[in-house]
Asks: 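For reference, the structure I am asking about is given below.
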Amino acid sequence: MEKLLEILEEIAQGADVRNCTTLIDDHILDSFAILSLVSELEEEFDVEISPAELIPDNFNSAEKLWEMVCRLKGDN
Amino acid sequence: MSYHLLTYSLLFLPAVMLLYQLTPQKVRWITLLAADYIFFWLISGGLIIWMLAATLVTYVCGRVIAYVVEHSPAKGKELVKQKRVILGIGVILTLGMLVVFKYLKVFGITFIAPIGISYYTLQTISYMTDVYRGTVKAETHIGRLALYLSFFPQIMEGPISRYSETAHPLFSGKQLEFHNIAFGYQRILWGLFKKMLIADRLAPAVIKVFSGYENYDGSAVAVGVVFYTIQLYMEFSGCMDIIIGTGEVFGIVLPENFRQPFFARNASDFWRRWHITLGTWLKDYVFYPVSLAKPVKKVAKSVKGKFGIGVSKFVAPTAALFCVWLSNGIWHGAGWTYIFYGMYYFVLIFIENITEAPVKKFAERKNINMEGVACKVLRGVKLFFIVNIGELFFRATSVAQGFSMLGRIFGKFHISALLESNLGMDVYDVALAFVGIVIVLLVDILHEKGVSVREKIASLRLPLRWGVWYAVILSVIILGAYGAGYTVVDMIYAAY
């Protein structure tokens, strides 16, 4: 989770990524930032994120992102 | 039949409301579906067969995907492959109909297209893809899917809604409520105000300039182009008000298609506020799939190895952005002007993306306040030029005409010649259009500040409240652009 927060902090600079639950709803992460995030997460956690996973529910908070990564790791 | 005609809001819609309310709740969806198909028939007649075929294909595709997921012995990648084949067949069939009706004219083969084919085809693709992705369950009731694809207010111009947004509310047969009817009709009225009072009043000048720009000074051509941008905004957003207002009457929340686009910070932001549902559709079904496609990722990885992450991070988004803007251009029609329009925004947004970080750093180093008045004014001027030049090419009959008009604006611009130009509008027209534009601008400013104008009006005391709405009703009836010298202007986006 700490590694994910580091990645998120680097991409969403200036945002309170630890507590924010509206990263998508408040446009903190735009589509380019989402793609950078996906590429970093895929590399760091060795998972494959498909377009179906790119829904606000999965990207609105660090916690939701972590849940998605754990789920995808379990699927592997 | 068209949304801006009084036969729609004063005859068709009340008749549907009455029948809907008289029908028992459980079968109200049948009344609504019958209204959808009658509306379609009134415009496109027997071409409704294509709409029915698209509905059937979409339904079968969803059901087969669901069947394969439940019963196929295949798992993992093999299952994904099977699902992908079914999705591919479904998309080829529905998209194929769109290609036949819309794009074969490139080869000299022309057909009259069923109304709204560009819009409902995108809805069929989004539904089938969502079933494939597992984000929505395959529909078991074909009536619910048919309603989602053919809801009569949406069929001509969108907004392009998602199955998860409107399918169930449409089917539920919710009781009509006074509040919804009042608010819905207020929004319809506001749409008519924009369309009849402003857009249709500007239409004669736009037609004159674009069809005979050689006869005008650059200043008049510039005015014609700005008028077209305003006409398009008032017309398209006005029609959206009528459409979303109709949805509101039935208690259906349709997605918004405009969010004060002229207050955008740049071209990317403009497209997050203009024709929003097309943008989000392209993002979900073109941008992300292309960005995450294996070949694109592979190229990005190899670029990363050679040039580092600073360059490689742009590979996937840029490839996807190119596909998005090519699709956007082609979706509007089979013409080079539309492809040029798409590529124009691709280049602008690409430049914005690669310069964003350096510009921010430069501003910080030089202590420039990017949120200061001067920067905001500069941003506004830049956006004004970007949007108007884009619309010039969008409306021009050819790319060559677009450049020729642009050359006239920048090469033969004499402000003194403007007053002598005959744009087909008298002082009365110009004054009325100006007042209308100022009113819309004020409402947009309030919306941008998060103020709900309709809620504000609703909170006024009764005489004042009715005074406001009577003023809008009377202005549409008395000052709307009809009568001698005007013709009813068809909805621009219904042609796409």
Side-chain angles (χ1 to χ4, degrees), chain A residues 3-17 20-61 64-76, chain B residues 75-77 80 83-84 87 126 129-136 162 164 259 265-266 268-269 271-273 279-280 282-294 296-298 300-301 303-304 309-310 312-321 324 349-350 352-354 356-357 360-361:
Chain A
K3 188 67 206 170
L4 185 142
L5 284 168
E6 263 176 46
I7 294 170
L8 203 50
E9 267 164 2
E10 202 184 324
I11 289 169
Q13 281 176 9
D16 178 13
V17 295
C20 184
T21 55
T22 51
L23 290 168
I24 300 292
D25 298 343
D26 287 346
H27 306 289
I28 294 166
L29 293 177
D30 60 14
S31 31
F32 272 54
I34 291 170
L35 286 183
S36 302
L37 185 58
V38 165
S39 142
E40 294 292 321
L41 293 178
E42 285 188 335
E43 197 153 305
E44 183 63 37
F45 299 104
D46 193 26
V47 289
E48 194 174 320
I49 300 172
S50 72
E53 301 291 348
L54 303 183
I55 51 172
D57 247 11
N58 286 343
F59 284 74
N60 255 333
S61 67
K64 287 280 178 191
L65 274 162
W66 184 241
E67 275 175 27
M68 178 184 71
V69 169
C70 293
R71 178 166 46 80
L72 292 173
K73 274 188 92 70
D75 286 350
N76 275 348
Chain B
K75 292 274 171 279
K77 281 184 181 169
V80 172
K83 279 165 53 185
R84 199 173 288 162
L87 173 69
S126 74
T129 311
D130 288 352
V131 172
Y132 161 82
R133 289 175 177 173
T135 50
V136 303
R162 303 296 167 84
S164 54
R259 192 168 48 84
R265 293 174 66 85
N266 50 33
S268 321
D269 192 24
W271 276 94
R272 282 194 285 270
R273 295 161 172 261
T280 49
L282 289 169
K283 184 179 82 181
D284 288 347
Y285 303 104
V286 178
F287 185 83
Y288 286 143
V290 173
S291 309
L292 300 180
K294 278 191 179 134
V296 176
K297 276 185 190 170
K298 219 171 156 183
K301 215 168 186 177
V303 171
K304 190 178 173 184
I309 195 165
S312 75
K313 71 176 179 185
F314 290 110
V315 172
T318 305
L321 205 60
V324 162
I349 293 173
F350 172 70
E352 277 176 8
N353 287 332
I354 57 167
E356 192 183 0
K360 211 172 163 186
K361 268 187 193 163

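Note: hydrogens, waters and symmetry copies are ignored here, and every other heavy atom, side chains too, is used. Below, read A as the first sequence line, B as the second, and so on, with proteins coming before strands; counting in each chain starts at 1. Just so it is clear, the model here is predicted, and its values are computed rather than measured.
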Asks: Would you say that more than 12 heavy atoms from the other residues, nucleotides or ligands in this model lie under 6.0 Å from the CD of Glu356(B), or not?
Replies: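 Not buried by this count: 12 neighbours or fewer within 6.0 Å.
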
Asks: For the atom pair CG (Leu292(B)) and CD (Glu42(A)), what is the distance rounded to the nearest 0.5 Å?
Replies: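 Reported to 0.5 Å precision, the distance equals 6.5 Å.
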
Asks: What's the separation between atom OH in Tyr288(B) and atom OG in Ser50(A), rounded to the nearest 0.5 Å?
Replies: 13.0 Å

Asks: Contact part of Phe287(B) toward chain A, heavy-atom cut-off under 4.5 Å: side chain, backbone, both or neither?
Replies: side chain

Asks: Look up atom CG in Asp30(A) and atom CG in Asn353(B), then write down how far apart they are to the nearest 0.5 Å.
Replies: 8.0 Å

Asks: State whether the number of non-hydrogen atoms from other residues, nucleotides or ligands found under 6.0 Å of Glu10(A) atom CD is greater than 12.
Replies: no

Asks: Is chain B contacted by the side chain of Ile49(A), its backbone, both, or neither, given a heavy-atom distance below 4.5 Å?
Replies: backbone

Asks: Working to the nearest 0.5 Å, report the span between CD1 of Ile34(A) and NZ of Lys283(B).
Replies: 6.0 Å

Asks: Search all heavy atoms of Pro289(B) against all heavy atoms of Pro51(A) and return the closest pair with its distance.
Replies: CA-CG, 3.8 Å

Asks: Does Lys297(B) have more than 12 heavy atoms from other residues, nucleotides or ligands lying within 6.0 Å of its NZ?
Replies: yes

Asks: How long is the span from the CG atom in Leu35(A) to the CG atom in Leu321(B), to the nearest 0.5 Å?
Replies: 10.5 Å

